[in-house]
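As C-alpha cells, the structure follows; a few thoughts come after it.
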Amino acid sequence: MEANIVVMGTESVGKSESIYSHRFGREFTLNIWDSPYSEDLSVETSLFEKKVQWADGYVLVYSICDRASFNSVSRLVQAIKSTKDYLSADKVPIVIVGNKRDLHHRRTVLSEEGRLLALDTDCHFYEVSAAENYHSVLTLFHGLVDKMKDAKLTSKRPLGFRGIVKSMSAVFARRRTDSF
Ligand SMILES: Nc1nc2c(ncn2[C@@H]2O[C@H](COP(=O)(O)OP(=O)(O)OP(=O)(O)O)[C@@H](O)[C@H]2O)c(=O)[nH]1
C-alpha cells in the first residue's frame, strides 16, 4: 500500500533535517512532501490546492519555543480545511506536532494550547523531540498510518498497492541543537 503525506511548518521547526528511513513492514510506502510554509498562502494557491489533492494525511509541525510557528500551524489547519471544502475533497487525518520538547526551558507554547487547537479543529496532537527522542517521531507516524488506513476504508479513493518496498524520506532532525 502507498500513501502521501504533506509535512508543513515554518522555518527551522525541525521538519526535515534528517533522513527518516523507517520501513512500515513489507507492504507500506509513504511518499513525503516536505514543504516550507508560505505566510501568504494566496500567492501559492494553486500549489496549495495541489498539495491538498495529493495528500492522504498531514503533519503540521511547530516548535514549542516559537509562538509564531504555532500561530502558523493554526492558520494552516484552517487553510487546509477550507481548501478541502472548496474542492469537495475527502477528509484526511491531520496531525499537529509540537517539536523540540527537550527545550522545555525555552518553551513559549504550552502543551495544553496544542492539545486544545487539535481538539477544536478535529486534528490529532503529539509533542515530540525529534532530536532527543526519535521513538516519539516513529510513534506519531505509525499513528498517522493507522488513521490513514481507517480514513481510506471509508473513502472513495483506495490506497494503491505496490510490489516494492521504499523507505520513507526526510522528516525531522536527528541532531540536538539549541536553535529554534
Ligand atoms: N533541540 C532540538 N533541536 C532540534 C529538534 N528538531 C530539530 N532541531 C534543530 O532545529 C534546526 C532546524 O531543523 P530542521 O529539521 O532543519 O528544520 P526545518 O523545519 O526542516 O527547517 P527549514 O528547512 O528551514 O524549513 C536544526 O538545527 C535541528 O538540529 C529538537 O527536537 N530539539
Side-chain angles (χ1 to χ4, degrees), residues 3-24 29-52 54-80 83 92-118 121 123-145 166-180:
N4 301 330
I5 298 179
V6 172
V7 180
M8 291 182 100
T10 52
E11 262 181 32
S12 299
V13 293
K15 296 184 299 298
S16 60
E17 189 193 74
S18 72
I19 300 301
Y20 180 74
S21 58
H22 183 72
R23 285 164 197 252
F24 282 84
T29 300
L30 291 186
N31 305 313
I32 296 183
W33 187 343
D34 181 359
S35 164
Y37 174 77
S38 165
E39 197 60 43
D40 185 359
L41 289 170
S42 61
V43 171
E44 293 199 26
T45 301
S46 68
L47 183 60
F48 194 75
E49 284 181 8
K50 278 199 184 77
K51 282 176 199 161
V52 168
W54 182 81
D56 297 307
Y58 294 88
V59 177
L60 306 183
V61 188
Y62 66 89
S63 161
I64 66 157
C65 313
D66 178 357
R67 176 153 293 275
S69 70
F70 177 70
N71 295 339
S72 297
V73 161
S74 179
R75 286 194 290 276
L76 268 176
V77 175
Q78 301 307 335
I80 290 167
T83 306
V92 299
I94 301 175
V95 178
I96 294 172
V97 181
N99 188 32
K100 308 198 182 182
R101 195 177 186 182
D102 53 296
L103 300 180
H104 46 86
H105 51 292
R106 295 188 179 179
R107 181 190 281 277
T108 56
V109 184
L110 298 173
S111 303
E112 289 68 29
E113 294 178 87
R115 208 167 287 121
L116 199 62
L117 173 63
T121 52
C123 297
H124 308 276
F125 176 68
Y126 293 84
E127 252 193 20
V128 302
S129 168
E132 294 267 293
N133 184 358
Y134 204 52
H135 187 75
S136 57
V137 178
L138 295 186
T139 303
L140 92 81
F141 272 95
H142 277 282
L144 178 58
V145 166
K166 277 196 261 168
S167 57
M168 285 173 57
S169 60
V171 193
F172 298 108
R174 278 185 296 195
R175 275 187 291 129
R176 185 204 156 99
T177 71
D178 262 3
S179 60
F180 60 94

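Numbering of ligands and ligand atoms starts at 1, following listing order.
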[X] vs [Y] side-chain heavy atoms within contact, under 4.5 Å:
X      : Y      : answer
Leu110 : Phe70  : no
Arg101 : Asn133 : no
Ile80  : Phe48  : yes

(request) Only counting residues at least two apart or in another chain, list the ones meeting side-chain hydrogen bond (donor to acceptor under 3.5 Å, both in side chains) with Arg67. (result)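 side-chain hydrogen bond (donor to acceptor under 3.5 Å, both in side chains) check on Arg67 returns Glu113.
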Atom indices of ligand 1, in the order listed, that fall short of 4.0 Å to a heavy atom of [X]:
X      : result
Ser129 : 31 (O)
Leu103 : 1 (N)
Ala131 : 2 (C), 5 (C), 30 (C), 31 (O), 32 (N)
Asp102 : 1 (N), 2 (C), 30 (C), 31 (O), 32 (N)

(request) Write down the atom of Thr10, the atom of Ser72, and the distance for their closest heavy-atom approach. (result) CG2-OG, 3.4 Å
(message) Please give me the minimum heavy-atom distance between Ser12 and Lys100, naming the atom from each residue.
(response)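 In this case the closest contact between Ser12 and Lys100 is O-NZ, 2.8 Å.
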(request) Return the set of residues passing side chain to side chain contact (heavy atoms under 4.5 Å, CB included) with Ile96 (not counting sequence neighbours), or none when no residue passes. (result)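 Per chain and number, Ile96 pairs via side chain to side chain contact (heavy atoms under 4.5 Å, CB included) with Tyr62, Val73, Val77, Leu117, Ala118, Thr121, Cys123, Phe125.
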(message) I'd like the name of whichever of Glu11, Met8, Lys100 reaches closest to atom 8 (N) of ligand 1 through any heavy atom.
(response)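 Closest candidate by heavy-atom distance is Lys100.
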(message) Can you check which of Gly9, Cys65, Ser136, Ala130 brings a heavy atom nearest to atom 31 (O) of ligand 1?
(response) Ala130
(request) Answer with yes or no whether Ser12 contacts ligand 1, where contact means a heavy atom under 4.0 Å from a ligand atom. (result)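 Ser12 counts as a contact of ligand 1 under the 4.0 Å cut-off.
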(request) Please determine if Val13 has a nitrogen or oxygen closer than 3.5 Å to a nitrogen or oxygen of ligand 1. (result) yes
(message) Looking only at distances, can you tell me whether any N or O atom of Asn99, backbone or side chain, sits closer than 3.5 Å to an N or O atom of ligand 1?
(response)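 The answer is yes, given that Asn99 and ligand 1 share an N or O pair closer than 3.5 Å.
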